[in-house]
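Reading through the structure tokens given below for one structure.
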Amino acid sequence: MDAKSVTPSAVALILANPTPESPDDVPEIVVQVLDLKPIGSRFTFMASDGEAKVKAILSTHFASEVHSGKLQNLGLVRILNYTCNDIPQKTDKMVIITKCEVVSQALDAEIKSEVKIEEPSVLMKPKEEAAGLSKPIGAAPATIMLKPRHDVKSASQIVSEQRGNAAPAARLAMTRRVHPLISLNPYQGNWVIKVRVTSKGNLRSYRNARGEGHVFNVELTDEDGTQIQATMFNEAAKKFYPVFELGKVYYISKGSLRIANKQFKTVQNDYEMTLNETAVVEEAEGESFIPPVQYNFVKIDMLGPYVGGRELVDIIGVVQSVSPTLSIRRKIDNESIPKRDIVVADDSNKTVTISLWNDLATTVGEELLDMVDSAPIIAVKSLKVSDFQGKLLAPFHKFFSG
DNA sequence: CCCCCCCC
């Protein structure tokens with residue numbers, strides 16, 4: 001097979017098999033990259049087989065391939081695994097490419113199947129390759145037409161035959177296809193994600209006009225660095241609170257998605273996840289390439305603009321002092337809440353008082369008190385910054401050790 | 001369905 005050509009009917013192959021079970025379920029698919037452009041930290045392009053095109057988005061970890069110039073516009077890529085983001089209301093599909101490799105750097109022009117056999121090598125030639133390496137697309141003649149479905153099925157039949165020969169454990173591994181978080185949407189519920197718990201909230205109880213209940217939030221991050229907030233209520237909150245541990249990696253399925261309320265978003269995602277009691281949460285064993293908690297540290301002398309704002313900051317610094325635990329009586333309901341203040345200094349030569357509330361005051365606060373003589377360095381995430389009598393205060397929102 | 005983030 002010639003490495004310098006697109007796969008005839010590649011787009012049809014993808015759309016006929018929108019969510020392959022595993023890379024083994026993906027046939028040879030080489031497409032040309034057209035209209036490559038950045039969207040946030042990712043890149044999108046039109047994947048072309050010379051006849052049909054489909055919108056594609058690359059997982060974030062391919063951004064470096066684009067920046068380094070390896071993956072180029074007009075180049076060829078082999079798609080090794082993907083999932084289609086199929087939103088029923090929308091007619092345009094998007095292929096989220098989770099695994100791919102560069103076959104060729106930029107060709108001279110867009111491949112178009114209408115082009116006749118006589119001249120095709122001009123179109124197929126990578127800029128820096130000798131003409132002899134190119135293969136006329138005409139060599140794959142009538143098959144450039146859209147393939148009928150039964151052709152696609154025969155490919156997956158081959159795969160299932162291969163699976164039949166695999167050991168049971170290997171078969172299971174192949175079946176557990178992990179979906180990138182970015183591919184999840186409210187309209188398609190049959191997914192499995194593999195995510196790290198990068199923030200764990202408290203199990204809280206609340207009472208309001210709609211009633212009362214318990215609620216528990218986590219922030220989840222996948223290997224692309226995509227984050228989503230997941231919320232559990234009542235029985236689900238009680239069930240999963242002891243299951244989710246900060247920093248651990250889990251397979252999650254049978255959750256539901258809804259549009260996130262912009263006003264309360266703590267992560268960059270249009271959706272938020274709700275897990276009820278029927279959700280499946282299972283710790284993932286072994287190695288994982290999911291990045292740990294990401295910080296965006298702000299120097300203490302740069303906190304000014306954040307005072308009173310909604311935007312949260314992360315701080316890293318040396319703990320200079322730890323107060324005793326105080327019991328603060330909340331005015332609105334007279335409830336007493338444990339609180340402890342720590343003073344942190346960083347390399348901007350400023351200090352800030354950080355208040356630890358509730359469990360953080362008693363648990364983390366106590367640990368810090370024990371360590372304070374050794375000037376421990378801590379990283380603190382998601383601080384809300386306020387000002388009291390000219391002193392900057394950063395009450396704890398969440399905590400990660402450092 | 002939460003979304004509180006408290007006190008000097």
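This structure is a prediction, so every number in the text was calculated from the model and none was measured. So you know, we letter chains A, B, ... as the sequences are listed, proteins then strands, and number each from 1.
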Open item on the list: Using a 3.5 Å distance criterion without hydrogens, assess whether the side chain of A/E219 forms a donor-acceptor pair with backbone atoms of A/T221.
Closed with: no
Open item on the list: Expressed as a whole number of angstroms, how long is the span from A/L203:CG to B/dC5:C1'?
Closed with: 17 Å
Open item on the list: From CZ of A/F216 over to P of B/dC4, roughly how many Å is that when rounded to an integer?
Closed with: 19 Å
Open item on the list: Using the side chain to side chain contact (heavy atoms under 4.5 Å, CB included) criterion, which residues pair with A/T226? Sequence neighbours excluded.
Closed with: A/R42, A/L181, A/I182, A/D222, A/D224, A/N269
Task: Those residues of residues 321-329 of chain A lying under 4.0 Å from DNA chain B by at least one heavy atom - done: A/I328, A/R329
Task: Distance, rounded to the nearest Å, where A/Y206 contributes OH and B/dC3 contributes C1' - done: 11 Å
TODO: For A/I315 and A/V298, work out which heavy atoms get closest and say how close.
DONE: CG1-O, 3.8 Å
Open item on the list: Whether the side chain of A/Q229 and the base of B/dC3 hold a donor-acceptor pair under 3.5 Å is what I'd like checked.
Closed with: no
Task: Rounded distance in Å - CG (A/L356) to P (B/dC7) - done: 17 Å
Task: Side-chain H-bond candidate by donor/acceptor type, A/R329 with A/S336, under 3.5 Å - done: no
Task: Under 3.5 Å donor-acceptor, A/D49 side chain and A/V11 backbone - done: yes
Open item on the list: For a quick check, tell me whether the side chain of A/N261 and the base of B/dC3 share a donor-acceptor pair closer than 3.5 Å.
Closed with: no
Task: Nucleotide B/dC3, atom P - distance to CZ of A/R204 in whole Å - done: 4 Å
- [ ] Send over the distance from A/K331 NZ to B/dC4 P, rounded to a whole Å.
- [x] 18 Å
Task: Side chain of A/K339 (C-beta onward), nearest among B/dC6, B/dC7, B/dC3 - done: B/dC7
Open item on the list: At 4.0 Å (heavy atoms only), tell me whether A/E272 reaches a base, stays on the sugar-phosphate, or touches nothing.
Closed with: base
Open item on the list: For a quick check of understanding: with a heavy-atom distance under 4.0 Å over all strands, which category does A/N358 fall into, base, sugar-phosphate or nothing?
Closed with: base
- [ ] Could you tell me the separation between the CG atom of A/N202 and the C1' atom of B/dC5, rounded to a whole number of Å?
- [x] 11 Å
TODO: Mark this stacking check for A/F388 against B/dC8 as yes or no, applying ring centres under 5.5 Å and ring planes under 30°.
DONE: yes
Open item on the list: Given the structure, check if the side chain of A/K384 and the base of B/dC5 hold any donor-acceptor pair shorter than 3.5 Å.
Closed with: no
TODO: Apply side chain to side chain donor-acceptor pair (under 3.5 Å) to the pair A/D341 and A/T353, showing each step before the final yes or no.
DONE: CA-CA 6 Å; A/D341 284 344; A/T353 301; 5.9 Å; no
Open item on the list: Which residues pass the ring pair (Phe, Tyr, Trp, His ring centres under 6.0 Å) test with A/F264, not counting sequence neighbours?
Closed with: none
TODO: Go through B/dC2, B/dC3, B/dC7 for me and flag the one nearest to the A/R330 side chain.
DONE: B/dC7
Open item on the list: Starting the side chain at C-beta, find the nucleotide from B/dC2, B/dC6, B/dC8 nearest to A/W357.
Closed with: B/dC6
TODO: Send over the distance from A/R340 CZ to B/dC8 C1', rounded to a whole Å.
DONE: 17 Å
